Colleague: 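Structure below; questions to follow.
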Amino acid sequence: MATALAAAGLVAAQHPAAAEPAEPAQDAPVEVSVNANLGLGTIPEEAFGVNTAIWDAAMNDPEVVTTMSAAGIGVMRYPGGSYGDIYDWETHTARGGYVAPNTEFDTFMRTVRATGAQPMIIANYGTGTPEKAAEWVRYANVTNDYGVKYWEIGNEVYGNGHYGGGWEEDDHPDKSPNEYARNLLAYAEAMKAVDPTIEIGAVLTTPGDWPDGIVGPGDSADWNNSVLSAVADTIDFAIVHSYPGGASADEALDRVSRLPGQMREVRRLLDRYAGERSAEIGIALTEVNSNVQQNSRPNGLFAADVYMTALENGVFNVDWWNTHNGPTEVNWVDGEIDFNDAGLLSSGACMGDVCQPPLHTPFHPYYGIKSLTTLGGPGDTMIASASGSEDVSVHAVHQADGDLSVMLINKDPDRSYPVAIDYSGYTPGAQAPVVHRYARGDTDVTRVPAPENGPQVLPPYSITTVTVSPRGGGTAPAPGAPRVTAVDSTTATVSWPESTGGAPVRYEVYERLGANAQLLGTSTTTSATLRNLPPGSEHTVNVLARDADGRLSRPSEPVTFTTTSPRESSCLVAYRVDNGWGSGFVATVTVTNLGDTPVDGWTLDFTWPEAGQSVQGAWNARVTGEGRRVHVTNSEHNAFLAPNGGSTATFGFTGANGGANPLPTAFALNGTVCRTA
């Protein structure tokens, strides 16, 4: 995203009558589970960020420092989306664009420091050079000692016209992903020669969003596979953007559920191309917004939900688009005027005779992000949680001081919900919880009284955070971050640094199954071999230490691994995606009988890794599905499979994917798990 309206005005909009009173809460409380033994990772210093743009004359106003500091903003991105690919930092100009006064790099850095944040800088790929980017690093970190750590190489470079969509400036004659990868390596070499401590980010497409899966003219693979196959040994982080869109902010809010699968697929790609180094490569979501009804109350719920969902799924930085942006259309949402303005703060602009609130007035998404300050902050541990209702999202954080906070987001515009919170691995004390809320009628994130009797009740369209303190007693020291040192089709070996500050009796390895923990293994050393795992299955585990008093530690950082297909099997399956278009694809599957006896009539079963994947039509086989399970039956002409690889059966299908489209990992031919090619 690159541009915004910049008009100013004074006319106030007249609001319609208030919304009808909410229906009474349902009788049965929503069951919410929180498990302090299952860690989702530590909230990074860079977690909560926002974009700033050099066409925004108010980006460095003192009010920005005040509001962003209050919301816990730790990163500010500059110089602003697609402007990153037309910006000349030395002349402070943007070819073909508008540069507002008081937006120079040094002025921006003063705002960053006053906010207590750090910068995320877009190095100009589209109209710049590696040498120009290296000089910016020199000016920032050598001349001025700004300590700018994170440098993106371009912004949404895949939008340079190579796939048809052409909003991003790119002067390179070759606009392919391979050319971007070659140039990125040159940028990284030049920039790190000036300051080897900086981190370099590569632009990726978001799995399941255009143009993911599309193979461009002259290319052998899509953008992500082409880029990562060349740069995975060099980059320090991967960059994705998310604008889920839809017909309304409510629909965008529902689409947050796609994000875990999308981020898992980014990590799978990093694992594939970076190997053991994958754990050193971060994922940054440097632009996010709903793209619809953007300053509405449901988009405020979206902001809180999408930040935490991304962080819980391995992202180290999330940056809202934008600080100020400008109105694009006037509508009414939840009884309030909505300008479809992507800014966190009002720009004070008008559309005709309808004007926004005064400059710097926060919109609902600002308060959604500010609500996160009541949930947790850098250094706190995100933990597993689950909700019994699709209308209530839940996130939980075990804070460093021992308190535990649960954020409950009621996405229903009409109905209140009582909730019953069940805590595992944590015992709240007798004192009343601290409750913060942002709901209709609240002008800020507000502390409200805890219920004296009965469950916590969530008002419609609200964010409620409940914080409890622990009952007395301590915990054992936590182990260090685990890593997988070996994996095959049924076993995995996990190792970890020992706990510090105490001598545990044993270590326990737990797998996360939603908000439930399954003990996979124990050890008196700093490694464990986990056995009897299904072939081709994905697992996320934490390691906890237990001391002589029986106390469990906090969980380690999580580690995720996938078992392989069997090395030896009587069958072989090759699954290939021939082409894709973001939301759909065509695949070909080849089945081979490696056994000593012929097969006359066969079935093939596999499971989709993500819920949004499905088969839409097939040829050369009968394909049916139920949920994530797919069942394939031979056609008449390919039922016979000769022994010892003497013949193959091939079938194909068109598929749909409402999100990421990872490859299935396990196939069973007539009940036998096959090798995969």
Side-chain angles (χ1 to χ4, degrees), residues 1-4 6 45-46 48-61 64-65 67-69 71 73-95 97-128 132-141 143-157 168-169 187 191 195 198-201 203 237 239 241 284-289 317-325 342-345 347:
M1 190 174 293
T3 60
E45 291 285 345
E46 307 88 352
F48 309 119
V50 65
N51 278 268
T52 61
I54 55 175
W55 38 254
D56 173 14
M59 64 172 276
N60 292 309
D61 287 359
V64 171
V65 172
T67 54
M68 295 305 160
S69 296
I73 294 299
V75 166
M76 304 181 86
R77 185 173 180 248
Y78 179 91
S82 296
Y83 264 53
D85 281 317
I86 59 174
Y87 180 60
D88 186 319
W89 73 271
E90 289 181 304
T91 61
H92 190 53
T93 57
R95 190 179 75 185
Y98 169 70
V99 177
N102 197 41
T103 61
E104 296 83 1
F105 176 60
D106 291 313
T107 309
F108 163 73
M109 284 304 306
R110 286 194 289 271
T111 297
V112 169
R113 288 184 162 182
T115 304
Q118 59 180 301
M120 172 79 72
I121 301 298
I122 308 167
N124 185 340
Y125 174 81
T127 61
K132 196 93 166 181
E135 284 306 308
W136 197 356
V137 174
R138 186 181 308 280
Y139 179 80
N141 292 355
T143 304
N144 289 289
D145 197 27
Y146 286 148
V148 179
K149 181 178 180 180
Y150 297 107
W151 297 81
E152 303 179 52
I153 309 304
N155 174 81
E156 297 179 359
V157 183
E168 203 73 20
E169 288 291 327
Y187 272 74
M191 295 164 74
D195 182 355
I198 66 170
E199 299 201 356
I200 296 293
V203 171
F237 62 104
I239 304 154
H241 292 172
L285 186 60
T286 61
E287 287 187 24
V288 65
N289 203 318
N317 163 249
V318 186
D319 302 322
W320 189 261
W321 182 272
N322 198 23
T323 303
H324 305 93
N325 212 71
L344 288 178
L345 310 177
S347 64

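Everything quoted here is computed from the prediction, not taken from an experiment.
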Colleague: Testing the basics here: between I198 and V148, what is the closest heavy-atom pair and its distance to 0.1 Å?
Modeller: CG2-O, 3.6 Å
Colleague: Given R77, which of T323, N155, T52, N322 fulfils the side-chain hydrogen bond (donor to acceptor under 3.5 Å, both in side chains) condition?
Modeller: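 So, applying the side-chain hydrogen bond (donor to acceptor under 3.5 Å, both in side chains) to R77 and each of T323, N155, T52, N322, only N155 qualifies.
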Colleague: So does Y139 get a backbone contact from the side chain of N144, meaning a donor-acceptor N/O pair under 3.5 Å?
Modeller: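 Yes.
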Colleague: Minimum heavy-atom separation for V203 and V157, please, with both atom names.
Modeller: CG1-N, 3.8 Å
Colleague: Measure the NZ-CG distance between K149 and N141 for me, rounded to the nearest 0.5 Å.
Modeller: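 Rounded to the nearest 0.5 Å, the NZ-CG separation comes out at 12.0 Å.
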Colleague: If we check ring pair (Phe, Tyr, Trp, His ring centres under 6.0 Å) with W151, which of these qualifies: Y78, Y187, W136?
Modeller: W136
Colleague: Is a donor from one side chain sitting under 3.5 angstrom from an acceptor on the other, for N124 and R95?
Modeller: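 Side chains of N124 and R95: no pair found under 3.5 Å.
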Colleague: Short question: side chain of N60, backbone of N102 - any donor-acceptor pair under 3.5 Å?
Modeller: yes
Colleague: What pairs with N317 under side chain to side chain contact (heavy atoms under 4.5 Å, CB included), at least two apart in sequence or on another chain?
Modeller: E46, V75, M120, A284, T286, D319
Colleague: Specify the closest pair of heavy atoms between G81 and E287, including all atoms of both residues, with the distance to one decimal.
Modeller: CA-OE2, 3.4 Å
Colleague: If I take atom CH2 from residue W320 and atom CG from residue N325, how far apart are they, to the nearest 0.5 angstrom?
Modeller: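 One finds 11.0 Å between CH2 of W320 and CG of N325.
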Colleague: Working to the nearest 0.5 angstrom, can you tell me the gap between N51 CG and H241 NE2?
Modeller: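 Answer for the CG-NE2 pair, N51 versus H241, is 7.0 Å.
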Colleague: Nearest 0.5 Å, what's the OH-CD distance between Y125 and E156?
Modeller: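 One finds 15.0 Å between OH of Y125 and CD of E156.
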Colleague: Determine the minimum heavy-atom distance between A114 and S69, stating which atoms define it.
Modeller: O-OG, 4.1 Å
Colleague: What's the verdict on side chain to side chain contact (heavy atoms under 4.5 Å, CB included) for M59 and T111, showing C-alpha distance, side-chain angles and the deciding distance?
Modeller: CA-CA 9 Å; M59 64 172 276; T111 297; over 6 Å; no
Colleague: To the nearest 0.5 Å, what is the distance between CG on D61 and CG on D56?
Modeller: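 D61 CG to D56 CG: 8.0 Å, rounded to 0.5 Å.
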Colleague: Tell me the closest heavy-atom pair linking H92 and A100, and the distance in Å.
Modeller: NE2-O, 4.1 Å
Colleague: Could you state the interatomic distance from CD1 (I122) to CD1 (I153), rounded to the nearest 0.5 Å?
Modeller: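 I122 CD1 to I153 CD1: 10.5 Å, rounded to 0.5 Å.
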Colleague: For F105, which of Y87, Y146, W89 qualifies under ring pair (Phe, Tyr, Trp, His ring centres under 6.0 Å)?
Modeller: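 Exactly one option meets the ring pair (Phe, Tyr, Trp, His ring centres under 6.0 Å) with F105, and it is Y146.
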Colleague: Suppose we screen for salt bridge (Lys or Arg N to Asp or Glu O under 4.0 Å). Which residues come up paired with R138, at least two apart in sequence or across chains?
Modeller: E135
Colleague: Test of understanding: with salt bridge (Lys or Arg N to Asp or Glu O under 4.0 Å), list the residues that count as partners of D106, not counting sequence neighbours.
Modeller: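 Once residues adjacent in sequence are excluded, D106 has no partner under the salt bridge (Lys or Arg N to Asp or Glu O under 4.0 Å) criterion.
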Colleague: Spell out, as yes or no, whether a donor-acceptor pair under 3.5 Å connects the side chain of T127 to the backbone of D85.
Modeller: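 Judged by distance alone, yes, a pair lies under 3.5 Å.
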Colleague: Any chance you could lay out the side chain to side chain contact (heavy atoms under 4.5 Å, CB included) test for I121 and F108, step after step, and finish with the verdict?
Modeller: CA-CA 11 Å; I121 301 298; F108 163 73; 4.0 Å; yes
Colleague: With distance as the sole test, does S82 use its side chain to make a donor-acceptor pair with the main-chain N or O of E168 at under 3.5 Å?
Modeller: no
Colleague: For the residue pair H324 and A58, what are the closest heavy atoms and their distance?
Modeller: CE1-O, 3.5 Å
